[in-house]
Amino acid sequence: NAGVTQTPKFQVLKTGQSMTLQCAQDMNHEYMSWYRQDPGMGLRLIHYSVGAGITDQGEVPNGYNVSRSTTEDFPLRLLSAAPSQTSVYFCASSYPWGTGGADTQYFGPGTRLTVL
Amino acid sequence: KQEVTQIPAALSVPEGENLVLNCSFTDSAIYNLQWFRQDPGKGLTSLLLIQSSQREQTSGRLNASLDKSSGRSTLYIAASQPGDSATYLCAVRRGATNKLIFGTGTLLAVQP
């Protein structure tokens, strides 16, 4: 199993550009989520999905869109990049809550995004 | 609103020392608590998960405890090694959801 994979690993954008961060998992997990990590603020939830076709907002959703057409993939779209979106982005997946220890969350290696 | 705090923010110890990392949360109505390790420039690796009904979990040299009533969890690392150097994060999960709320982490340096 590759686990959770993210591409690209690094990206530099100019203000106003759009892009898509890719996330894929091969563990047949129903739950997937996106977090951003900023110095001194920990990880904050952007969007999440409890299954194909179902998405919802997290703590900091503004400026980001998601969709979930398959169980495996959960891309994150930046509509019009802003310097405030400079961060490290992590994708995570797990079985649904209520499955005991099996609902441990697995994280991808991250995408480091800089917006100039 | 649930808030998760980790103290200290940074810790440096000599190799071989036993150490304790602290995590506190403001709302005791949690589903479970998870400890993660993050190496520089890397993703998060799950270390231990404690369900709300449990008091502790052990894996090798690591032991995590949970006291819901006081809103506290500790991660005990025995006989620390330089390879334990990393940032340690705790995260709580609220009931009926997979959402995690993270602390800001403790940066641990184990000196050889």
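Here the structure is a predicted model, which means the values were calculated and not measured. Each chain gets a letter, A, B and so on, in the order the sequences are listed, and its residues count up from 1.
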K.L.:
Can you tell me how far apart OG (A:Ser94) and CG (B:Leu49) are? Round to the nearest 0.5 Å.
P.N.:
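One finds 10.0 Å between OG of A:Ser94 and CG of B:Leu49.
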K.L.:
Indicate if A:Leu113 and A:Tyr35 have the same hydrophobic cluster label, given that clusters are the connected sets of ILVMFWY residues with side-chain heavy-atom separations under 4.5 angstrom.
P.N.:
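In one cluster with A:Leu113: A:Tyr35, no.
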K.L.:
Check this for me: B:Arg61, atom CZ, are more than 12 non-hydrogen atoms of other residues, nucleotides or ligands nearer than 6.0 Å?
P.N.:
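Yes, the 6.0 Å shell around CZ holds more than 12 heavy atoms from other groups.
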K.L.:
Do side-chain atoms of A:Arg44 reach the backbone of B:Ile101 as a donor and acceptor pair under 3.5 angstrom?
P.N.:
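Such a contact is absent between A:Arg44 side chain and B:Ile101 backbone.
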K.L.:
Given the options A:Met41, A:Gln105, A:Gln37, which has more heavy-atom pairs under 4.5 Å with chain B than any of the others?
P.N.:
A:Gln105
K.L.:
If two hydrophobic side chains count as joined below 4.5 Å and joins carry through other members, does A:Leu21 share a cluster with A:Val88?
P.N.:
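Result: no, two separate clusters.
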K.L.:
So what's closer than 4.5 Å to chain A heavy atoms on B:Leu89: side chain, backbone, both or neither?
P.N.:
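For B:Leu89, side-chain heavy atoms alone lie under 4.5 Å from chain A.
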K.L.:
Show the nearest heavy-atom pair for residues A:Thr104 and B:Ser46, with the distance to one decimal.
P.N.:
CG2-OG, 3.3 Å
K.L.:
Might you point out which heavy atoms bring B:Leu44 and A:Phe107 nearest each other, and give the distance in Å?
P.N.:
O-CB, 3.6 Å
K.L.:
Within this structure, what is the CZ-CG distance for the pair B:Phe36 and A:Leu43, rounded to the nearest 0.5 Å?
P.N.:
9.0 Å
K.L.:
Going only through I, L, V, M, F, W and Y residues with side-chain contacts under 4.5 Å, is there a path from B:Tyr76 to B:Leu33?
P.N.:
no
K.L.:
May I ask whether B:Phe102 and B:Val92 are part of the same hydrophobic cluster, defined by side-chain heavy atoms of I, L, V, M, F, W, Y residues being less than 4.5 angstrom apart, directly or through others?
P.N.:
no
K.L.:
Does any backbone or side-chain atom of B:Gln38 lie under 4.5 Å from a heavy atom of chain A? Answer side chain, backbone, both or neither.
P.N.:
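Contact with chain A: side chain only.
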K.L.:
Is A:Tyr106 linked to A:Phe90 within one hydrophobic cluster, defined over Ile, Leu, Val, Met, Phe, Trp and Tyr using a side-chain heavy-atom separation of less than 4.5 Å?
P.N.:
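Per the 4.5 Å side-chain linkage, A:Tyr106 and A:Phe90 are not co-clustered.
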K.L.:
Check each atom of B:Lys99 against the heavy atoms of chain A and say whether the ones under 4.5 Å are side chain, backbone, both or neither.
P.N.:
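Backbone plus side chain of B:Lys99, per the 4.5 Å heavy-atom cut-off to chain A.
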